[in-house]
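What follows is a single structure, written as structure tokens, with notes after it.
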Number of protein chains: 2
Amino acid sequence: MSAPTERITIKDVAAAAGVSKGAVSLAFNNKPGVSEATRERIFAVARELGWAPNSSARSLSRQAVDTIGLAICRPARLLGLEPFYMEFISGIESVLAERDCSLLLRLVGSVEEEIQLQERWWRERQIGGSILVDLRQDDPRIAPLRKSGLPAVAVGHPSLTGGFPSVWTDDATAVGEAVRYLAALGHRRIARVGGPTGLGHSAIRTEAFEAVMAELGLGPGVHVETGFSGEEGARATRSLLLSSNRPTAIVYDNDIMAVAGLGVATEMGVSIPDELSLLAWDDSQLCRLTHPTLSAMSHDVHSFGAQVTRVLFDVIAGQEAVSQPAALPQLVPRGSTAPPRS
Amino acid sequence: MSAPTERITIKDVAAAAGVSKGAVSLAFNNKPGVSEATRERIFAVARELGWAPNSSARSLSRQAVDTIGLAICRPARLLGLEPFYMEFISGIESVLAERDCSLLLRLVGSVEEEIQLQERWWRERQIGGSILVDLRQDDPRIAPLRKSGLPAVAVGHPSLTGGFPSVWTDDATAVGEAVRYLAALGHRRIARVGGPTGLGHSAIRTEAFEAVMAELGLGPGVHVETGFSGEEGARATRSLLLSSNRPTAIVYDNDIMAVAGLGVATEMGVSIPDELSLLAWDDSQLCRLTHPTLSAMSHDVHSFGAQVTRVLFDVIAGQEAVSQPAALPQLVPRGSTAPPRS
């Protein structure tokens, strides 16, 4: 793999920005001596020309990009329990392996911490580019990271990613399909156990859920917000099953909460799928291992991670990177969904 | 955090090795011009003095070690399905976060590939040290990586780790406890669904299983070897339940296979725990989400990852790193184990 860095020099950047080579160096080493405005201009020019400082670590390496970054803002303990991230990372790694590249992985405690980290990774050229995940509405990472010139791909709907090339799952359409399927089976009381509203894709799903329920004349639909853990999925299911207007079908936002829901239903003597239909999301291996097996919106998370990484390499190579949807999740009916008995 | 690199210079290393500064530089940049014997002597001296080349990337960074390495030799797709690794990584990350360090993660296709990768990471000072996992018997990584001077901690019994400081789980004792517990409940036909024999810890568990079964007068015990996937766990369980000498209890080597075993038993109408006891291993969140809940040998994988990382930082700091066992897995009896009915 060859990159533009091998053709453009610091001299070209300095000339294009109308500054000295020393000023470019100061800007990229984050040293005082250049104004903020000049620094920004230098970064913008360097990004436009596809230039990056040729640090000694980089020159030791035979190729321009050998590392990409990923920061995840979730508690360490929770991460281990979420099949999504490990499958996503395994997809990233499958593309990195082809290019002899590695992933620099970091758990951060806040978005602010992530901004500082990504800026430093990029300034010190520890990474050639980064994948931004868990995009929020009005995500605070976008402005400073765009300014820094970090080549990045954002995972999330283009309405959330503010100019970064993005790869996203069409969650609104997928939620619509899930609800229509359950409605077609005859369900009218459909509930949803979703993720935190602060996350952009959770908000999009919630809005789509309410819209399609209303469209089908099924009211707004009951929606319980969780933090994605199995414990919360169990608690939400228990509370839904104890409610006066008990649902006959529940859609979960991930697999682990659906597995937990199945456990709660079995514990409460609620027969699946006769008395209650359950629909999982992501369709990791887990869905095929339970009894009954779990119907799911199947999302090839591994391929999704691989696709995001390929787009990132386009961005790094200075090619026109095109924001693109991932394959639409497919409904996979299994043993946990059926027409309601009553 | 300050490291010895700030005190010792390349001049000291050259003097101690009896070579020129240029020769030290050639050796560390992996360039021709120094013999293999000289290169090794230089590496040995540098390791002894705690010296590392001060690359520009490193000098930009405010601390000596900001990255550690982890290479995992498992197929990318399988990794996403194994709760162990994500919890282990989350434990590593919890310690790295305290020190403002990141993890360089790579999936490799073979041990040979890992050796080259780790050597390059270390030579180019992309990492300050590494964690070696999935130790095999007579592991081919040990000799070349010892020679390279890479600071590393190996995850595995000291009998497998050839001089690298190690952190390990006392698998033999844990397997003994699992089998004795089932025997105390009255089980006599106990089977085990284990991992691949090529992995050191699987071999240790298999040997311990056979030894304790023999000691209790229960014969050698049936043992099925798998690659740790849920599908294989399901297949192994089905074949054990169809065998003429059907077991009344099964011990699994991870959680996902135990969940799969529970699914198979339910599908075959075998009542858990009345007709069959199941014991999982690792005790991830999954074990508490099924119904019945899964009894398990509980192993705090997150804390294990954190402990390994702390020992690695001792090694990197040049302190006497002491090989140490992790906390012994604890038996957590839940709903999937009971005395055999007959």
Side-chain angles (χ1 to χ4, degrees), chain A residues 29 55-58 60-61 66-67 69 76-83 85-91 93-94 96-97 101-109 117 120-121 123-126 229-231 233-234 256 259-260 262-267 284-286 288-293 301-302, chain B residues 29 55-58 60-61 66-67 69 75-83 85-91 93-94 96-97 101-109 117 121 123-126 229-231 233-234 256 259-260 262-267 284-286 288-293 301-302:
Chain A
N29 289 322
S55 80
S56 109
R58 178 131 328 280
L60 280 173
S61 156
D66 53 19
T67 307
R77 281 213 174 249
L78 211 124
L79 192 67
L81 310 171
E82 173 64 78
Y85 267 109
M86 205 66 210
E87 296 205 14
F88 185 71
I89 290 172
S90 80
E93 291 277 353
S94 69
L96 294 184
C101 283
S102 307
L103 179 70
L104 197 57
L105 177 68
R106 181 73 165 274
L107 299 198
V108 290
L117 177 72
R120 202 186 70 214
W121 275 352
R123 199 170 57 233
E124 299 177 357
R125 293 303 184 270
Q126 289 191 49
S229 74
E231 269 84 0
I256 197 106
V259 170
L262 177 61
V264 165
T266 312
E267 150 209 324
S284 65
Q285 186 183 208
L286 275 179
R288 298 183 291 282
L289 298 178
T290 56
H291 187 85
T293 51
V301 178
H302 179 92
Chain B
N29 289 321
S55 79
S56 108
R58 180 132 325 281
L60 280 173
S61 156
D66 53 18
T67 308
R77 280 211 175 252
L78 211 123
L79 191 68
L81 310 171
E82 172 65 78
Y85 267 110
M86 205 66 210
E87 297 206 13
F88 185 71
I89 289 172
S90 81
E93 291 276 353
S94 69
L96 295 184
C101 284
S102 307
L103 179 69
L104 197 57
L105 178 68
R106 181 73 165 273
L107 300 197
V108 291
L117 177 72
W121 275 352
R123 198 169 59 233
E124 299 178 358
R125 292 305 182 270
Q126 289 192 50
S229 74
E231 269 85 0
I256 197 108
V259 170
L262 177 60
V264 166
T266 312
E267 151 209 321
S284 65
Q285 184 183 208
L286 276 178
R288 297 183 293 282
L289 298 178
T290 57
H291 186 84
T293 52
V301 178
H302 179 93

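Naming: A, B, ... by sequence-line order, numbering from 1 per chain.
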Taking every non-hydrogen atom, the tightest pair across A260(B) and L289(A) | CB-CD2, 3.6 Å

When every non-hydrogen atom of H291(B) is compared with those of T266(A), the smallest separation belongs to CD2-CG2, 3.4 Å

To the closest 0.5 Å, what do you measure between [atom1] ([X]) and [atom2] ([Y])?
X	Y	atom1	atom2	result
Y85(A)	I89(B)	OH	CD1	14.0 Å
D66(A)	L104(B)	CG	CG	8.5 Å
L105(A)	L96(B)	CG	CG	9.0 Å
S90(A)	L107(B)	OG	CG	7.0 Å

Given that the side chain runs from C-beta out, which part of L103(A) has a heavy atom under 4.5 Å from chain B: side chain, backbone, both or neither?
-> both

When heavy-atom pairs shorter than 4.5 Å are enumerated against chain A, which of G263(B), A234(B), S102(B) gives the highest number?
-> S102(B)

Is there side-chain contact between [X] and [Y], with at least one heavy-atom pair below 4.5 Å?
X	Y	result
Q126(A)	Q126(B)	no
L286(A)	L286(B)	yes
T293(A)	E267(B)	no

Does the Q285(A) side chain pair with the main chain of G230(B), one donor and one acceptor, at a distance under 3.5 Å?
-> yes

Does any N or O in the side chain of R106(A) come within less than 3.5 Å of the main-chain N or O of C101(B), such that one atom is a donor and the other an acceptor?
-> yes

